Asks: 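Shown below is the structure under consideration.
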There are 2 protein chains.
Amino acid sequence: MDKIAHSECNKLLVPVRDALDILSGKWKLPIITTLRFGVIRFKELEREIPGITAKMLSKELKELEMNQLVKRTVLDTTPISVTYELTEYGRSLETVILELGKWGKAHRERIFA
Amino acid sequence: MDKIAHSECNKLLVPVRDALDILSGKWKLPIITTLRFGVIRFKELEREIPGITAKMLSKELKELEMNQLVKRTVLDTTPISVTYELTEYGRSLETVILELGKWGKAHRERIFA
DNA sequence: CAGAATCCCTTGGGATACTG
DNA sequence: CAGTATCCCAAGGGATTCTG
């Protein structure tokens with residue numbers, strides 16, 4: 001257990017934390033997976049994700065947009081409507097989510113057995 | 001956006017959440033990556049992970065042990081010492097952590113550019 | 001040494017009401 | 001419709017003290 005180990009350890013840890021932060025929280029995952037189905041309006045998202053409040057939805061979408069994972073589009077209707085969709089980049093999360101799901105599925109089977 | 005979509009969505013979501021829960025929190029990741037270096041005693045872990053308190057270390061190790069990721073061994077010394085190590089199963093997390101790290105690294109480069 | 005117990009503060013997130 | 005503002009509560013986690 002030396003200092004070298006630590007600095008290498010941290011080099012690994014920081015990006016892992018970055019990825020984890022993006023997926024963390026109660027609602028990021030439901031929002032992302034719902035957006036996999038296409039271009040969806042705010043209200044529609046709110047209805048599709050049981051239990052979420054407008055406040056949380058708005059806040060999480062803003063974060064996802066800042067991370068370039070989601071694209072926000074304002075439509076000039078009356079009243080206005082706003083749509084959200086995954087960016088091409090956002091879809092790159094699919095791999096890592098699938099990997100998490102694979103491990104989680106195996107884990108679940110192992111623990112309940 | 002129909003009901004079918006939702007039930008399939010949830011089938012995916014639950015295991016992903018399971019995996020995420022295991023990695024979540026401030027200290028699980030540092031603990032796991034530190035344990036990659038071998039069999040380590042409680043106090044030594046506490047020293048190796050800057051900022052962690054005994055309370056948090058104890059609590060997180062207990063959770064990891066419950067999930068069969070970590071093995072706890074009590075040594076009959078005076079005073080007693082307790083060692084922790086990753087189980088073979090615990091090492092299976094490496095793949096998913098690496099996957100997260102890969103995405104996180106690319107993301108970091110994308111955002112700061 | 002290896003923790004458990006206690007106290008306290010900060011953060012995540014819910015409920016409700018309001019606005020352009 | 002698409003949010004924002006405010007208030008509030010529960011959980012996560014830190015500091016300190018205590019024990020076998």
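Only this structure's heavy atoms are used, side chains among them; waters, hydrogens and symmetry mates stay out. Here the structure is a predicted model, which means the values were calculated and not measured.
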Asks: With nearest nucleotides of DNA chain C determined for A:Gly25 and A:Ala54 from heavy-atom distances, which residue corresponds to the more 5′ nucleotide?
Replies: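 Closest to the 5' end, via its nearest nucleotide, is A:Gly25.
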
Asks: Ignoring backbone atoms, test whether A:Lys59 places a side-chain nitrogen or oxygen under 4.0 Å from the OP1 or OP2 oxygen of D:dT4.
Replies: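 Answer no for this pair, as no side-chain N or O of A:Lys59 is under 4.0 Å from OP1 or OP2.
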
Asks: By nearest atom, which of the nucleotides C:dG13, D:dG13, C:dA2 is closest to the A:Lys26 side chain?
Replies: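 Among the listed nucleotides, the one closest to the side chain of A:Lys26 is C:dG13.
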
Asks: As a test of reading the structure: which of D:dC1, C:dA4, D:dG14 is closest to the side chain of A:Ser81, going by heavy atoms?
Replies: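 The nucleotide sitting nearest to the side chain is D:dC1.
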
Asks: When you check the phosphate oxygens OP1 and OP2 of D:dG3, does a side-chain N or O of A:Arg41 lie under 4.0 Å from one of them?
Replies: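 Answer is no, no contact under 4.0 Å.
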
Asks: In terms of relative ring orientation, are B:Phe42 and B:Tyr84 parallel, tilted or perpendicular, with 30° and 60° separating the classes?
Replies: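 It falls in the tilted class, 30° to 60°.
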
Asks: Please give, in whole Å, the distance from D:dA2 C1' to A:Asp76 CG?
Replies: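 Taking atom C1' of D:dA2 as the reference, CG of A:Asp76 is at 14 Å.
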
Asks: With a cut-off of less than 4.0 Å, is there a side-chain N or O of A:Tyr84 near OP1 or OP2 of D:dG3?
Replies: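 A:Tyr84 to D:dG3 OP1/OP2: side-chain N or O found under 4.0 Å.
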
Asks: Quick one: A:Glu46 CD to C:dG14 P, roughly how many Å, whole number?
Replies: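 In whole Å, C:dG14 P lies 12 Å from A:Glu46 CD.
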
Asks: Let me know the distance between CZ of A:Phe42 and P of C:dG20, rounded to the nearest Å.
Replies: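 To the nearest whole Å, that distance equals 17 Å.
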
Asks: Are the charged groups of B:Lys28 and B:Glu63 less than 4.0 angstrom apart, N to O?
Replies: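 Judged by the 4.0 Å cut-off on N to carboxylate O distance, B:Lys28 and B:Glu63 do form a salt bridge.
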
Asks: What nucleotide among C:dG14, D:dA15, D:dC1 has an atom nearest to a side-chain atom of A:Lys43?
Replies: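 That would be D:dC1.
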
Asks: Could you state the CD1-P distance from B:Ile40 to C:dG3, rounded to the nearest angstrom?
Replies: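 Atom CD1 in B:Ile40 sits about 14 Å away from atom P in C:dG3.
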
Asks: Does D:dA2 have OP1 or OP2 sitting under 4.0 Å from an N or O in the side chain of A:Lys55?
Replies: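 Answer no for this pair, as no side-chain N or O of A:Lys55 is under 4.0 Å from OP1 or OP2.
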
Asks: Calculate the interatomic distance between A:Asp21 atom CG and C:dT11 atom C1'; express it in whole Å.
Replies: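 Rounded to the whole Å, the gap is 14 Å.
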
Asks: Determine yes or no for a side-chain-to-main-chain donor-acceptor pair under 3.5 angstrom, with B:Thr87 supplying the side chain and B:Gln68 the backbone.
Replies: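 Checking the backbone N and O of B:Gln68 against the side chain of B:Thr87, a donor-acceptor pair under 3.5 Å is found.
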
Asks: Rounded to whole Å, please give me the gap between CD in A:Glu63 and C1' in C:dG12.
Replies: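 So the two atoms are 11 Å apart, to the nearest Å.
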
Asks: Using atom CD1 of A:Ile52 as one end and atom C1' of C:dG12 as the other, report the distance to the nearest whole Å.
Replies: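 Distance, rounded to whole Å: 13 Å.
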
Asks: Among D:dA5, D:dG3, C:dT6, which nucleotide has an atom closest to any side-chain atom of A:Ser58?
Replies: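 Output: D:dG3.
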
Asks: Assess, by modelled atom type and distance only, whether the side chains of B:Trp103 and A:Ser92 contain a donor and an acceptor separated by less than 3.5 Å.
Replies: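 A pair is found: one side chain offers a donor N or O, the other an acceptor, under 3.5 Å apart.
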
Asks: What's the closest nucleotide to the side chain of B:Glu60 if the choices are D:dG13, C:dA15, D:dA15?
Replies: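 Given the options D:dG13, C:dA15, D:dA15, the side chain of B:Glu60 is closest to D:dG13.
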
Asks: Flag the pair B:Glu94 and B:Arg36 as a salt bridge only when some basic side-chain nitrogen lies within less than 4.0 angstrom of an acidic carboxylate oxygen.
Replies: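 The answer is yes: the pair qualifies as a salt bridge.
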
Asks: Between P on C:dA2 and CE on B:Met56, what's the gap in Å once rounded to a whole number?
Replies: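 That distance rounds to 18 Å.
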
Asks: If only side-chain N and O atoms of B:Arg72 are considered, is one of them under 4.0 Å from the OP1 or OP2 phosphate oxygen of C:dG3?
Replies: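 Yes, such a contact exists.
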
